[in-house]
There are 2 protein chains.
Amino acid sequence: MEDEVDRLVAAWRRERPDLDVEPLEVLSRVSRLARHLDRARRLAFAEHHLESWEFDVLTALRRAGTPYQLSPGQLLTQTLVTSGTMTNRIDRLAKKGLVARLPDPSDRRGVLVRLTDEGRDRADQALAGLLAQERAILAELSPAQRGELAGLLRQLTAPFDNIPG
Amino acid sequence: MEDEVDRLVAAWRRERPDLDVEPLEVLSRVSRLARHLDRARRLAFAEHHLESWEFDVLTALRRAGTPYQLSPGQLLTQTLVTSGTMTNRIDRLAKKGLVARLPDPSDRRGVLVRLTDEGRDRADQALAGLLAQERAILAELSPAQRGELAGLLRQLTAPFDNIPG
DNA sequence: GTGAAGTGTCTTGACGTCGAGGTAAATGGG
DNA sequence: CCCATTTACCTCGACGTCAAGACACTTCAC
């Protein structure tokens, strides 16, 4: 089955036969697929009355385990947004009662963001919905293919995640 | 080499051992990698004084071949943005002299967006820069692995690209 | 201890995107 | 033909993000 990137690459080969556009076969697909996934996630979360950005923050806290709290800085590295964005997100989630801001007892510059009970429940429900949707998308691939794909992607993401970028 | 998604998946298995979070091994990596790529692209384009969104539009037109023109609607499907966004993008590119808006002679509702000479040159230069950067990122993988990865990704993107979603 | 550098978070303003809705033109069944 | 539907693009207001910089506190070398 052909996809939009096949058409894109073919067009470049016609227009710029002097260039080697092979990198696009991988990385343009990654970007485009991510964009499609964003849209799909938005729909899935809407059923639980959550925005994607809310899900990202709530689940980061949920994964941290009891007592479900992290510093804004820790949330930054997990969600890949800037500090100003995170401040704004925490404000809005706090206003909705899904998280609470607490002073960090060990560093007076610091803050701890704690998930409320409602926040935890909402995160759990939305996660279940997301996994169901993602399973459907991945049904295109065999389990072995999924494992292979995960491994290849890990090789590309590891440098970004380990060398501060 | 471990990446952030390995840590994320391990955390979920600890916190929610009842759930099968295997889909995240693939799709969270896709989303995170795309985010890293966005940042890297922004840096690469800055050297050519282009924004990512400008690159996306200009190269879509460049790929179309002489006379380098497409309708806003065709640009939508290639760039995965909404029509309001595209109108805005075309406005700004036209103001910078990189594209021109022409009436579509065969449909009076329609518009054709045409690349200017300067727009074409800028697109060509930025593309070369992008490819160099992407090649560096993909050096993590062997040619065979890159081919495999492209094939697996195609299987996931094809349904999105072919069934209107 | 003290001052300089580093760290953690928040503030601000500009910007780009989205979604909903609006207008105008094309299409097609009766 | 004609009217309902569809298609193509644009307008507008709300919203989320970013980058740069401000501020308060901590750390470390001396």
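Here is the naming used below: chain letters follow the sequence lines, and residue numbers restart at 1 for every chain.
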Q) Val30(B) and Val5(B): same hydrophobic cluster, using ILVMFWY side-chain contacts below 4.5 Å? A) no

Taking the side chain of [X] as heavy atoms from C-beta outward, which of [options] is closest to it?
X: Arg109(A); options: dC10(C), dC25(D), dT17(D); result: dC25(D)
X: Arg108(B); options: dC18(D), dT17(C), dA26(C); result: dA26(C)
X: Arg35(B); options: dC10(D), dC18(C), dC18(D); result: dC18(D)
X: Thr87(A); options: dG19(C), dG16(C), dC10(C); result: dC10(C)
X: Pro72(A); options: dG16(C), dT9(C), dC10(D); result: dT9(C)
X: Arg89(A); options: dT17(D), dC18(C), dC18(D); result: dT17(D)
X: Val111(A); options: dC9(D), dT9(C), dG16(C); result: dT9(C)

Q.
Using a distance-only criterion (donor-acceptor N/O pair, under 3.5 Å, no hydrogens), is the base of dC10(D) paired with the side chain of Ser83(B)?
A. yes

Q | NZ or CZ of Arg7(A) within 45° of Trp12(A) ring axis and under 6.0 Å | A | no

What is the distance from [atom1] of [X] to [atom2] of [N], rounded to the nearest Å?
X: Met86(A); N: dT11(C); atom1: CE; atom2: P; answer: 15 Å
X: Leu102(A); N: dG8(C); atom1: CG; atom2: P; answer: 18 Å
X: Ile90(A); N: dG16(D); atom1: CD1; atom2: P; answer: 15 Å
X: Asp38(A); N: dT17(C); atom1: CG; atom2: P; answer: 14 Å
X: Leu75(B); N: dC9(D); atom1: CG; atom2: P; answer: 9 Å
X: Leu76(B); N: dA8(D); atom1: CG; atom2: P; answer: 10 Å
X: Asn88(B); N: dA14(C); atom1: CG; atom2: C1'; answer: 13 Å
X: Arg101(B); N: dC10(D); atom1: CZ; atom2: C1'; answer: 8 Å

Q: Map Leu80(A) and Asp107(B) onto DNA chain D by nearest heavy atom, then report which one ends up closer to the 5' terminus.
A: Asp107(B)

Q) For Ser28(A), does its backbone N or O pair with a side-chain atom of Ser31(A) as donor and acceptor, under 3.5 Å? A) no

Q.
Looking at every non-hydrogen atom in both residues, tell me the closest pair between Leu138(B) and Pro23(A) and how far apart they are.
A. CD1-CA, 3.5 Å

Q: Under 4.0 Å between any heavy atoms, over every strand shown, what does Gly73(A) touch: base, sugar-phosphate, or nothing? Just pick one.
A: sugar-phosphate

(Q) Would you say that Leu37(A) contacts Ile137(A) through its side chain, given a criterion of any heavy-atom pair below 4.5 Å between the two side chains? (A) yes

(Q) OP1 or OP2 of dT17(D) versus the side-chain N and O atoms of Thr85(A): is any pair under 4.0 Å? (A) no

(Q) Here's a test of your reading of the structure: between Leu112(A) and Arg92(B), which maps to the more 5' nucleotide of DNA chain C? (A) Leu112(A)

